[in-house]
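This report concerns only the one structure given below.
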Amino acid sequence: MEAVPGTAAASLPNLFPERTPMTPAQISAGVHAALAVQRRAVTFGKRPFAAVLVAPDNETVLLTHQSVDQVNHAESSLARLAYTHYPKEFLWRCTLFSTWEPCGMCTATIYVRFVSPFESLPDPNMANNIGIVSQWAHIGRIVFAGSNDQLYELTGPANKENFTMSWNTRDFLKGCPQKAIEVVGPLEDEGKVVVEESDKYWSLVRTTND
């Protein structure tokens, strides 16, 4: 596919190698891999969110991550981890699967580069040694099962575990012509499974008006 003039892909084509299209079976397998991580996380008392990174072959699971806490989300944590392990050219051809629609923070981490105040150090790797790095995860495809609207229905209002906002992943990528990140989701069949599984957790902690 020819790059659009004026975009990053047109100026830096080596950073945007062509991605292999995914089949429905590969999409379903990726979601279920993430769901397996979510199930395990819930048994340890974590919130029902999980993500996996799938290789350019659309089948090999490279990395997984559960929700750590309300600041360290599964998707953003996975994107940062992926950036430390793989080059950007490789990550552009990878897919981040999430059981739930990534929030604004997570979407930005998948897309953008956060500038570290330590970039002016003589050796940029010195920033890694003190725990602050520049991020540009550059993952080229996002697939999610359950939507943010469905999540709000599960969590309910005034839920201290998750004050669900009104947003969509695609909204955060609008007006960002530099990169054509592919977004797939929500998914009807896989989404139903994720909702049912996640409700086992949220039904115990949500606030009702009954």
Side-chain angles (χ1 to χ4, degrees), residues 1-3 9 15-44 46-67 73-83 85-103 106-107 109-111 137-154 167-173 179-202:
M1 181 181 297
E2 187 174 350
L15 287 179
F16 297 87
E18 188 172 353
R19 292 187 296 264
T20 303
M22 303 195 84
T23 67
Q26 289 171 333
I27 291 174
S28 181
V31 171
H32 282 281
L35 186 56
V37 177
Q38 176 177 300
R39 290 190 185 109
R40 183 181 64 212
V42 170
T43 65
F44 290 106
K46 297 297 184 179
R47 299 182 307 155
F49 301 99
V52 302
L53 183 73
V54 172
D57 65 4
N58 294 336
E59 294 182 357
T60 304
V61 175
L62 300 172
L63 298 168
T64 71
H65 219 294
Q66 65 189 42
S67 172
H73 293 187
E75 302 93 336
S76 57
S77 297
L78 179 63
R80 289 191 295 270
L81 184 63
Y83 181 81
H85 283 278
Y86 301 107
K88 292 187 284 289
E89 297 87 345
F90 179 81
L91 289 173
W92 183 249
R93 299 173 58 219
C94 291
T95 303
L96 187 148
F97 282 87
S98 177
T99 49
W100 287 98
E101 186 168 10
C103 72
C106 296
T107 302
T109 309
I110 293 166
Y111 173 94
H138 199 59
I139 298 169
R141 183 189 288 127
I142 301 168
V143 177
F144 63 89
S147 71
N148 184 62
D149 294 335
Q150 290 172 311
L151 178 62
Y152 179 78
E153 291 297 320
L154 286 188
W167 44 254
N168 296 107
T169 296
R170 290 178 178 85
D171 294 338
F172 292 105
L173 296 173
K179 302 182 189 180
I181 292 179
E182 182 182 356
V183 180
V184 179
L187 304 172
E188 183 174 358
D189 293 337
E190 293 81 1
K192 289 179 180 178
V193 176
V194 167
V195 168
E196 291 174 0
E197 290 277 340
S198 301
D199 194 42
K200 296 175 184 177
Y201 175 91
W202 294 116

Which heavy atom in [X] sits nearest to a heavy atom in [Y], and how many Å separate them?
X	Y	result
G30	V52	O-CG2, 3.8 Å
Q38	P48	OE1-O, 2.9 Å
I139	A82	CD1-CB, 4.4 Å
H73	C103	ND1-SG, 3.4 Å

In chain order, what residues pass the side-chain hydrogen bond (donor to acceptor under 3.5 Å, both in side chains) check against [X], with sequence neighbours excluded?
X	result
T64	none
E59	Q26
T43	none
D149	none

Kindly write out the residues that satisfy side-chain contact (heavy atoms from CB on, under 4.5 Å) with [X], not counting sequence neighbours, or none if the list is empty.
X	value
S67	R47, F49
E89	N14, L15, P87
Q66	V37, A41, K46
T20	N58

Checklist entry - What residues, two or more places apart in sequence or in another chain, satisfy ring pair (Phe, Tyr, Trp, His ring centres under 6.0 Å) together with F90? => result Y86
Out of curiosity, [X] [atom1] to [Y] [atom2], how far, rounded to the nearest 0.5 Å?
X	Y	atom1	atom2	answer
W202	L151	CH2	CG	6.5 Å
S98	L78	OG	CG	9.0 Å
L35	S28	CG	OG	10.0 Å
L91	I110	CG	CD1	11.0 Å
C94	I142	SG	CD1	13.0 Å
L53	H65	CG	NE2	12.0 Å

Checklist entry - Do any pairs count as a salt bridge (Lys or Arg N to Asp or Glu O under 4.0 Å) and have a residue in residues 90-101, sequence neighbours left out, and if so which ones? => result none
Which donor-acceptor pairs under 3.5 Å do side chains of residues 182-189 form with protein atoms, sequence neighbours excluded?
unit_1	atom_1	unit_2	atom_2	d
E182	OE1	R141	NE	2.9
E182	OE1	R141	NH2	3.4

Next on the checklist: Under a 3.5 Å distance rule, please check whether D57 uses its side chain to pair with a backbone N or O of T60 as donor and acceptor.
Outcome noted: yes
Next on the checklist: Looking at T99 and A50, would you say the former's side chain and the latter's main chain have a donor-acceptor pair under 3.5 Å?
Outcome noted: yes
Checklist entry - How about F16 and H138: are their ring centroids closer than 6.0 Å? => result yes
Item to check | Pairing residues for R39 by the salt bridge (Lys or Arg N to Asp or Glu O under 4.0 Å) criterion, not counting sequence neighbours | outcome: E197
Checklist entry - Can a donor-acceptor pair be found between the side chains of S147 and W100 at a distance below 3.5 Å? => result no
